[in-house]
Amino acid sequence: MFDLDVALSEIKRGTAEIIDEARIKELLEHYLKTGENYYVKAGFDPTAPDLHLGHTVLIQKLALFQKFGGIVQFLIGDFTGMIGDPTGKNVTRKPLDRETVLENAKSYKAQVFKILDPEKTEVVFNSAWLDKLGAKGIVELTTTFNVARMLERDDFEKRFKSETPISISEFLYPLLQGYDSVALKSDIELGGTDQKFNLLMGRQLQRTYNTGKQQAVLMMPLLEGLDGVNKMSKSLGNYIGVTEDPDTMFGKMLSISDNLMWRYYELLSSKSLEEIARLKADVQSGTLHPKAAKEALAQEIVTRYHDEAAAKAAKAEFDKVHKQKDIPSDIPEFSFAGPVWIAKVLTEAKLEPSTSQARRDIKQGAVKINQQKIQDEQLQLENGEYIVQVGKRKFARVKVD
RNA sequence: GGUGAGAUACUCAAGCGGCCAACGAGGGCAGACUGUAAAUCUGCUGGUUUUUACCUUCGGAGGUUCGAAUCCUCCUCUCACCA
């Protein structure tokens with residue numbers, strides 16, 4: 001089966017905090033002895049999923065549990081989604097209709113089953129039990145907790161002190177999320193560090209409702225984005241989406257700093273901790289080039305979300321463009337009626353956002369035609385075919401006739 | 001409901017009648033270098049084929065002035081204190 005100590009150290013890898021580690025050990029031991037599974041819960045937003053590597057940190061941890069006897073409860077918070085998690089700055093949101101929820105769930109599955117084992121995953125919706133709770137159930141739920149304790153939560157406390165409004169419904173959010181754990185009888189719940197309060201609520205409510213269980217809680221850190229400073233998020237643009245094409249993925253992975261690479265290794269690679277330690281030692285001693293280590297990681301990630309052939313092709317393409325300074329094999333094409341002013345070509349081909357920017361870049365020597373730097377910003381392109389390039393990464397094939 | 005403070009480009013933040021397309025920082029883009037879209041250094045960062053020029057921007061609408069981001073009036077919104 002598996003070695004308990006190895007399993008535990010892999011489970012602990014990269015975690016921010018584990019509450020009731022002993023419980024996790026018990027569950028694994030019990031599984032080894034009897035083959036009985038246990039349940040690992042994680043909740044997700046019902047809005048349209050566009051997963052990036054930041055999300056996959058948690059999902060990979062779920063997948064890890066599947067290797068060690070865990071059944072994943074992939075919870076889509078279609079009911080709680082109406083309230084909006086107070087962790088963000090969301091106010092009350094519109095409830096999504098059934099159809100949209102199902103569609104989003106489908107999209108989740110497509111992305112998530114690249115990592116999770118579908119055989120060991122139960123996709124559940126919390127409206128299934130929360131809808132039935134009713135006013136009576138809700139009131140009962142609220143009696144299990146009091147306002148003073150609710151205000152212990154960090155962001156509630158801050159908002160209370162600064163007199164920023166807190167809606168009553170927001171108090172309900174942690175309670176309902178906790179109740180999910182009661183309904184699902186989860187043994188372990190995973191979440192980000194920002195979810196600590198909500199995760200602990202599940203633990204407490206399981207006790208209050210006498211489920212005979214008390215879930216262990218495992219928190220994963222928020223992955224830093226490509227800039228290495230802010231957390232990875234779509235709005236900051238510092239992300240790698242799991243559905244992005246291989247070339248982009250590979251390029252973005254290589255753009256992270258050498259430092260950040262180790263963080264990504266820890267949280268994203270499926271290499272064992274020993275292997276990573278060895279890589280790191282090799283880089284430090286100079287026997288392995290940092291770039292080679294980064295390429296290996298990039299290949300691994302591309303392979304996971306596409307396949308090995310795509311990863312190889314992406315690397316080859318990258319080398320072609322950046323090492324041999326060649327042009328990429330697949331570039332957009334535009335045609336114009338000539339003669340045409342170069343600045344117009346650049347903006348029309350979307351290589352530059354404005355004529356002014358185009359002029360500036362020409363002045364700086366950032367624009368090349370057929371690999372030749374150009375200086376003349378008045379340049380007119382005569383009939384013919386040209387490869388126009390701005391900087392290192394923006395290319396277009398231009399036909400003038 | 002009352003009183004006070006504030007709203008400036010992607011973000012933060014100067015400017016408080018002409019020298020303002022607007023200091024500075026972050027971010028972004030580019031150049032050099034290289035190991036790569038790492039690191040470091042440097043430049044650029046509203047728009048426009050009138051490019052040592054012109055046009056549009058400083059919460060919104062008016063007004064004063066030869067001239068306003070800067071002064072006045074009203075409005076909208078944010079924040080702080082009081083109720």
Side-chain angles (χ1 to χ4, degrees), chain A residues 53 89 91 158-165 224-240 244-265 279-280 282-299 301-302 311 314-328 331 336 338-348 350-369 371-381 388-395:
Chain A
L53 294 186
K89 16 185 148 134
V91 221
K158 276 191 201 136
R159 282 160 67 187
F160 187 69
K161 274 191 182 148
S162 68
E163 294 177 38
T164 313
E224 293 85 350
L226 301 177
D227 52 36
V229 181
N230 299 109
K231 66 169 184 171
M232 187 176 279
S233 82
K234 204 173 175 208
S235 52
L236 290 175
N238 59 355
Y239 71 103
I240 301 180
E244 289 191 275
D245 67 85
D247 289 346
T248 311
M249 238 184 216
F250 190 89
K252 281 186 177 178
M253 280 303 291
L254 277 202
S255 82
I256 64 173
S257 75
D258 291 0
N259 238 352
L260 186 62
M261 160 172 81
W262 299 114
R263 177 83 170 146
Y264 277 30
Y265 255 115
L279 278 178
K280 206 168 180 176
D282 285 350
V283 167
Q284 256 153 21
S285 70
T287 45
L288 181 70
H289 202 288
K291 192 191 168 196
K294 210 181 283 176
E295 279 175 343
L297 180 63
Q299 298 251 46
I301 300 297
V302 176
K315 178 178 157 31
E317 182 72 15
F318 190 88
D319 285 346
K320 185 180 165 192
V321 177
H322 295 285
K323 221 187 226 160
Q324 289 139 40
K325 307 261 184 221
D326 208 347
I327 53 165
I331 56 178
F336 296 88
V340 58
W341 184 37
I342 180 65
K344 188 170 169 61
V345 171
L346 291 170
T347 50
E348 295 272 316
K350 302 259 158 58
L351 298 177
E352 294 281 16
S354 67
T355 312
S356 298
Q357 182 65 42
R359 297 181 102 110
R360 280 194 289 270
D361 277 342
I362 293 170
K363 226 176 273 175
Q364 283 198 103
V367 177
K368 288 181 195 159
I369 291 176
Q371 315 273 57
Q372 289 292 313
K373 235 179 231 180
I374 61 159
Q375 296 293 336
D376 178 15
E377 49 185 82
Q378 294 301 329
L379 184 74
Q380 301 286 330
L381 290 186
V388 181
Q389 177 184 0
V390 177
K392 292 181 184 118
R393 288 143 68 190
K394 284 172 282 185
F395 292 87

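Below, chain A is the first sequence line, B the second, and so on; all start at residue 1.
Among the atoms of the strands shown, none is found under 4.0 Å from any heavy atom of Leu226(A). Within 4.0 Å of Lys323(A), counting heavy atoms only, lie sugar-phosphate atoms of the nucleic acid but no base atom. Lys320(A) comes within 4.0 angstrom of no nucleic acid atom, judged by non-hydrogen atoms across all strands. Using a 4.0 Å heavy-atom criterion, one finds that Ser356(A) contacts the bases of the nucleic acid, with or without backbone contacts as well.
Side-chain to base pairing of Gln378(A) with rU51(B): no donor and acceptor N or O lie closer than 3.5 Å to each other.
Here, rC75(B) and rG24(B) have their P atoms 38 Å apart, quoted to the whole Å. The separation of rA38(B) from rU45(B), taken at their P atoms, amounts to 22 Å, rounded to a whole angstrom. Across the P atoms, rG67(B) and rG46(B) are found 28 Å apart, a figure rounded to whole Å. When the P atom is compared between rA53(B) and rG35(B), the two are found 45 Å apart, to the nearest whole Å. If you take atom P in rG59(B) and the same atom in rA9(B), they sit 8 Å apart, rounded to whole Å. Atom name P, nucleotides rA80(B) and rC71(B): the rounded distance is 25 Å, in whole Å. Atom C1' of rC12(B) sits at a distance of 27 Å from the matching atom of rG17(B), rounded to the whole Å. Only the C1' atoms considered, rG15(B) is 27 Å distant from rC29(B), to the nearest whole Å.
Although no hydrogens or angles enter the test, the distance criterion places a donor-acceptor pair under 3.5 Å between the side chain of Thr287(A) and the main chain of Asp282(A). Under the 3.5 Å distance criterion, the side-chain polar atoms of Tyr265(A) are left unmatched by any main-chain donor or acceptor of Lys294(A).
Nucleotide rU48(B) holds its C1' atom 13 Å from the CD atom of Glu377(A), rounded to whole Å. Computed from coordinates, the Asn230(A) CG to rU11(B) P distance equals 15 Å when rounded to whole Å. At whole-Å resolution of the value, CZ in Arg360(A) and C1' in rU52(B) are 16 Å apart. To the nearest angstrom, C1' of rA37(B) lies 15 Å from CG of Asn238(A). If you take CG of Asp258(A) and C1' of rU40(B), they are 13 Å apart, rounded to a whole angstrom. Counting to the nearest Å, the P atom of rA37(B) and the CD atom of Glu317(A) are 14 Å from each other. Going from atom OH of Tyr264(A) over to atom C1' of rA38(B) covers 13 Å, rounded to whole Å. If you measure from atom CD1 of Ile342(A) to atom C1' of rU51(B), you get 17 Å, rounded to the nearest angstrom.
Stacking here means ring centres nearer than 5.5 Å and ring planes tilted less than 30 degrees, and by that measure Phe318(A) does not stack onto rU36(B).
The 12-atom threshold is exceeded at CG of Asp258(A), counting heavy atoms of other residues, nucleotides or ligands nearer than 6.0 Å. Under a cut-off of 6.0 angstrom, the local environment of NZ in Lys350(A) is sparse, with at most 12 non-hydrogen atoms contributed by other residues, nucleotides or ligands.
Nearest heavy atom pair, residue Leu254(A) against residue Phe318(A), reads CD1-CE2, 3.3 Å. Heavy-atom minimum distance, Gln371(A) versus Ile327(A): OE1-CG2, 4.0 Å. Closest approach of Pro246(A) and Ala314(A) over heavy atoms only: O-CB, 3.7 Å. Residues Leu260(A) and Gly225(A) come closest through the heavy atom pair CD2-O, 3.3 Å.
A donor-acceptor contact closer than 3.5 angstrom is absent between the side chains of Ser354(A) and Ser356(A).
For the segment residues 245-255 of chain A, the set of residues with a heavy atom within less than 4.0 Å of an atom of RNA chain B comprises Gly251(A), Leu254(A), Ser255(A), in numerical order.
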Subject >> Contact letters for nucleotides 23-33 of chain B, in which S counts primed atoms plus P, OP1 and OP2 and B counts the base, heavy atoms under 4.0 Å >> reply: ------SBSSB

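Taking 4.0 angstrom as the limit, His289(A) places none of its side-chain polar atoms (N or O) nearer than this to OP1 or OP2 of rG35(B). Of the side-chain N and O atoms in Ser354(A), one or more sit less than 4.0 angstrom from OP1 or OP2 of rG47(B).
For the salt bridge (charged side-chain N to carboxylate O under 4.0 Å, His left out) test, residues two or more places apart in sequence or in another chain that qualify with Asp319(A) are Lys315(A). Remark: Glu244(A) pairs with Lys252(A) by the salt bridge (charged side-chain N to carboxylate O under 4.0 Å, His left out) rule, at least two apart or across chains. Every residue two or more places apart in sequence or in another chain was checked for a salt bridge (charged side-chain N to carboxylate O under 4.0 Å, His left out) with Lys394(A), and none qualifies.
Between Gln389(A) and Lys373(A) the shortest side-chain heavy-atom distance does not fall below 4.5 Å.
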Subject >> Dot-bracket line, read 5' to 3' along RNA chain B, where crossing pairs take [ ] and | marks a partner on another strand, Watson-Crick or G-U under 3.5 Å >> reply: ((((((((.[[[..)..(.....]]]((((((.......))))))(((....)))...[[[[[..)....]]]]]))))))).

